[in-house]
Amino acid sequence: MPLARRALLAALAVSSAAACTSARAIPSDDAPRTDKALRTASVAARRLLPDHWRQITFAEGQERDTFRVSGSTGHVTVAGDTPATQLTGLNWYLRHIAYAEINWAGEQTDLLPRELPGLDGTVSRRANVPHRFALNDTNDGYTGAYLDWTYWERELDVLALHGYNEVLVYAGADALYHRVFQEFGYADEELRTWIPGPAHQPWWLLQNLSAFPSPVSQQLLDARAALGRRIADRVRELGMTPVFPGYFGTVPAGFAERNPGARTVPQGEWMGFARPDWLDPRTDEFARVAAAFYRVQDEMCGGASTLYKMDLLHEGGDPGDVPVADAAKGVERALRRAHPGATWVILGWQHNPPRAIVDAVDKKHMLVVDGLSDRFPTVTDREADWGDTPYAFGSIWNFGGHTVLGANTPDWAELYEKWRTNGGSKLRGIALMPEAADNNPAAFALFSELAWREGALDLKAWFAEWAHARYGARDAHAEAAWDILRRTAYGTTRADSWSEGADGLFGARPALNSVRAGRWSPKRLRYDAADFEPALGELLRVRTELRASSAYRRDLLDVARQSLSNRSRVLLPRIKEAYDAGNADRFDELSGVWLSLMDLLDELVATDSRHLLGRWVADARSWGAGAAEREQLAYDNLSLLTVWGTRKGADAGLRDYANREWAGLVGGLYRLRWSTYFEELRAALKEGRAPKKIDWFALEDRWTRDPGPLATEPSGDTYTVAARVRDRLTALS
């Protein structure tokens, strides 16, 4: 039995005994329950602050979503109504009193004094909204479908620290569907063929695809079910709510033939993939399947939740002749029967949810997590859009896991408090929904803080304070660097109808007129690159004693990487100009510079373990039971970043959707593509002919199936390589 499976199944056995059926473990008057809640926060603090946790005492708080911090030197007390709220209070103390930073991308705690500083009096903060929702439906794909408990334990700690109380939990949904449909006439093997590989499962759960790229094994289903259970148990232990997938009608092919009386609506294709059929929610058969789904889910997940995520007819779903309002009522009715009082969580995206859905259901039990709050300037009145349905202000600052730096922070500062305090406002939460997590640490910290702030947000002051806590002390160069970043990458707004930055051209499928790597990415930088680049020099001048933390190294890498990436947009038009002019010498010179910058970029990102493609592939292989399964899982995970799926899907726009500037990708596939392209252009110039067409998909898929050796451990020193980046870019200016 593989190690990943053994560890997860052992963990399941331990966690099952302690599973609780309540969705929120709120401390009560019951002394053992209260003690357990306090121990949960204390154990988390021990994981996060191994040298200081004994100086922190957690106490029970009576007010919901409220923390209080007090204490003297070496004796800090944090009170809150749940372990998560207590940890949120701890995070406030670390950032504002002790000047430390724990983030999902880098941390700084080494400069904490031996004895933690005390406070003058007691500081109290209450969340200004009840819902603090975290993670995108795509998270299990683009962040990593093959991450283990070591990752998830820390991720949940960090989400609790930053004030979240609702976490999307999709791991194990594959095993859930596998169990349920064996009750409706399907055999084990055909269901394992229908279920996609873990990296592609988010889009199966959204009813976009099925059966790609290879059947899943029983041991893999077992391991993922164990991980999902362990995640759900820990979410509850922390006093947060696990948000589970609800049932809205997805069925395997042939369901109506096996279940007399059932009525299904074919869903056609999505990006070249066969979509699962949709079971008419008005029918008795739908009610039977939904009842089985929620029963089995409760058994597997240790009990019920109060929040269930469902996106009816997502991205082009076809209702056929089923009235959408009646379908929504059927979905809601099934949820109510299984879990009275539960809330239906639905994504605000494109034209979803339509008024036909929200007007058909009990609005008191629906929550829209809005993915477009900071995307389009035309979004101005969500109460009118959704008929006074409660919603959460959300941001998707990252698509596909792009490594691009930045976010529309001026929109957060302007819109959140304005919308929340408007007369008749239905804003009831925040929704942290980048398509991949663990990036843009400043954006993560700032967005998370919206729900715990009072009054206007001064971004200039916030970024100055951020630099202080991020590096552990005040430094003029650190503040200058972050002020530059505030005005450039973090100073963009939704005025141009984008919420993420432009990806780099090194990751684009080669063409002299390329303007973006991902089909749905911005075509141009959303700020002036020349204004951004000085941030690199300022960060390099931060004083030596502040450079040791992973927070500093991560920021330095991000800014150096972004500076190199931005130069691709300056250099490519010059290469095109040389080629169009027939100037072979100039073309050779500039294309050589291009490839050398790619080499430097690959060397830079290789200094950080979270920027290694080899780690991504090794994570997937570790879940396989044998050589064949390990290779299947590696392809599942790696293809998501490159071709994504089939040739038809790639041609429809999915290829490079999840492009990212990682070691092994930049120096592997991306460099192979550009060097191949430049060689062909060079030959065309020499021979006086048009360049030959290259079958890019064939090259990309071949590389994805056999990328060669990939480093799984970082190499080199981030500061040294970042200094070389600065010097090289200065020489090219």
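Predicted model, so just to flag it, every value in this text is computed and none were measured. All heavy atoms count here, side chains included; hydrogens, waters and symmetry mates do not.
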| task | May I have the step-by-step check of side chain to side chain donor-acceptor pair (under 3.5 Å) for N128 and Y416, ending in yes or no? | result | CA-CA 11 Å; N128 54 49; Y416 176 75; 2.6 Å; yes
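- Separating the CG atom in N440 from the CZ atom in F447 is a distance of 12.5 Å, to the nearest 0.5 Å.
- Using modelled atom types, no side-chain atom of R420 and backbone atom of G429 make a donor-acceptor pair closer than 3.5 Å.
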Notebook entry, point to check: Yes or no on side chain to side chain donor-acceptor pair (under 3.5 Å) for E500 and N398, after CA distance, side-chain angles and deciding distance?
Noted result: CA-CA 5 Å; E500 76 159 347; N398 148 316; 5.9 Å; no
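- Not a single donor-acceptor pair under 3.5 Å links the side chain of E435 to the backbone N or O of M433.
- Summarising the local packing, CG of D381 is surrounded by more than 12 heavy atoms from other residues, nucleotides or ligands at distances under 6.0 Å.
- Checking T283 against D280 by side-chain atom types alone, no donor-acceptor pair falls below 3.5 Å.
- Checked by atom type and distance alone, the side chain of H365 never pairs as donor or acceptor with a backbone atom of D362 at under 3.5 Å.
- Under 4.0 Å is where a charged nitrogen must lie from a carboxylate oxygen, and between R126 and D65 no such pair does.
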- request: Show your working on salt bridge (Lys or Arg N to Asp or Glu O under 4.0 Å) between E153 and R234 and close with a plain yes or no.
  value: CA-CA 8 Å; E153 181 170 56; R234 178 58 57 81; 3.0 Å; yes
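- Within the 4.5 Å cutoff, the side chain of V361 has heavy atoms near those of the W344 side chain.
- The aromatic ring centres of Y177 and F293 sit less than 6.0 Å apart.
- Checked against a 6.0 Å centroid threshold, the rings of Y657 and W644 do not count as neighbours.
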Q. Yes or no on side chain to side chain contact (heavy atoms under 4.5 Å, CB included) for R494 and S499, after CA distance, side-chain angles and deciding distance?
A. CA-CA 6 Å; R494 63 182 190 153; S499 59; over 6 Å; no
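- Checked by atom type, the side-chain pair D636/Q632 shows no donor-acceptor distance below 3.5 Å.
- Shortest non-hydrogen contact noted between R333 and P281 is NH2-O, 4.2 Å.
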Problem - Worked verdict on T143 versus D438 for side chain to side chain contact (heavy atoms under 4.5 Å, CB included) - result: CA-CA 8 Å; T143 303; D438 307 335; 3.6 Å; yes
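- Separation of the Y294 and Y308 ring centroids falls under the 6.0 Å cut-off.
- Of the residues listed (F184, F248, Y247), the one engaging F286 in a ring pair (Phe, Tyr, Trp, His ring centres under 6.0 Å) is Y247, and it is the only one.
- Using a cut-off of 4.0 Å between Lys/Arg side-chain N and Asp/Glu carboxylate O, D388 and K364 are scored as not salt-bridged.
- A side-chain donor-acceptor contact under 3.5 Å links R236 to the backbone of G303.
- A cation-pi contact, defined as under 6.0 Å to the ring centre and within 45° of the axis, links R258 to Y186.
- No donor-acceptor distance shorter than 3.5 angstrom exists from the side chain of W397 to the backbone of A443, with no hydrogens or angles considered.
- Comment: D35 does not engage R39 in a salt bridge, judged by the lack of any side-chain N to carboxylate O separation of less than 4.0 angstrom.
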Go through it in stages, so that I can follow the logic: the residues are R453 and E417, the test is salt bridge (Lys or Arg N to Asp or Glu O under 4.0 Å), and I'd like the CA-CA distance, side-chain angles, deciding distance and then a yes or no. CA-CA 9 Å; R453 291 187 57 85; E417 192 66 8; over 6 Å; no
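- Without hydrogens or angle criteria, S210 side chain to R275 main chain gives no donor-acceptor distance under 3.5 Å.
- A donor-acceptor contact shorter than 3.5 Å is absent between the side chain of E269 and the backbone of A274.
- Between E237 and T40, the side chains place no donor N or O within less than 3.5 Å of an acceptor N or O (distance only, hydrogens not considered).
- For the pair R382 and D385, the salt-bridge criterion is met [side-chain N within less than 4.0 Å of a carboxylate O].
- A salt bridge links E183 with R295; the closest basic N to acidic carboxylate O contact falls under 4.0 Å.
- Remark: side-chain polar atoms of N259 are paired, donor with acceptor, to backbone N or O of F255 under 3.5 angstrom.
- Atoms CD1 and NE2, on I346 and H314 in that order, are 11.0 Å from each other to the nearest 0.5 Å.
- In this structure, N439 contributes its side chain and A437 its backbone to a donor-acceptor pair below 3.5 Å.
- Using a 4.5 Å heavy-atom cutoff, the side chains of E383 and S425 are in contact.
- Between K329 and E332 there is no salt bridge, since no side-chain nitrogen of the basic residue lies less than 4.0 Å from a carboxylate oxygen of the acidic one.
- In this model, a donor atom of one side chain and an acceptor atom of the other lie less than 3.5 Å apart for W349 and E315.
- Counting non-hydrogen atoms of neighbouring residues, nucleotides and ligands closer than 6.0 angstrom, the CD atom of E189 reaches no more than 12 such neighbours.
- Taking the side chain as every heavy atom from C-beta outward, V169 and V243 never approach each other to under 4.5 Å.
- Screening Y142, F212, F273 against W203 for a ring pair (Phe, Tyr, Trp, His ring centres under 6.0 Å) leaves a single residue, Y142.
- Residues W386 and D370 have side chains that never bring a donor and an acceptor to within less than 3.5 angstrom of each other.
- Taking the six-membered ring wherever Trp is involved, the centroid distance between the rings of F244 and Y170 does not fall below 6.0 Å.
- When ring centroids are compared, Y164 and F133 stay outside the 6.0 Å threshold.
- For the residue pair T85 and T88, no side-chain donor N or O sits within less than 3.5 Å of a side-chain acceptor on the partner.
- Between D374 atom CG and W412 atom CH2 the span is 6.5 Å, to the nearest 0.5 Å.
- Contact of the L191 side chain with the P252 side chain is registered, since non-hydrogen atoms from C-beta on lie closer than 4.5 Å.
- The pair K309-D311 counts as a salt bridge, with a side-chain nitrogen and a carboxylate oxygen less than 4.0 angstrom apart.
- Residues D233 and R229 are paired through a salt bridge, judged by an N-O separation under 4.0 Å between the basic side chain and the carboxylate.
- Ring centroids of W419 and F393 are separated by less than 6.0 Å, placing the two rings close together.
- Judged by distance alone, with hydrogens and angles left aside, the side-chain atoms of N165 form a donor-acceptor pair with the main-chain N or O of R132 at under 3.5 Å.
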Practice problem: Check the pair R288 / D284 against salt bridge (Lys or Arg N to Asp or Glu O under 4.0 Å), numbers first and verdict last. | Solution: CA-CA 6 Å; R288 285 184 57 218; D284 291 341; over 6 Å; no
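- One distance of note links CD1 of I231 with CG of L168; it measures 10.5 Å at 0.5 Å rounding.
- Summarising the geometry, atom NE2 belonging to H131 is positioned 6.5 Å from atom CG belonging to L307; distances are rounded to the nearest 0.5 Å.
- To the nearest 0.5 angstrom, L209 atom CG is 10.0 Å from W204 atom CH2.
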(Q) For W194 and H178: C-alpha separation, side-chain torsions, deciding distance, then whether ring pair (Phe, Tyr, Trp, His ring centres under 6.0 Å) applies. (A) CA-CA 9 Å; W194 176 62; H178 179 256; over 10 Å; no
Worksheet entry | Residue pair L227, D148: steps toward the side chain to side chain contact (heavy atoms under 4.5 Å, CB included) verdict | CA-CA 7 Å; L227 177 62; D148 61 12; 5.9 Å; no
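- Considering only heavy atoms from C-beta on, T241 stays 4.5 Å or farther from V167 through its side chain.
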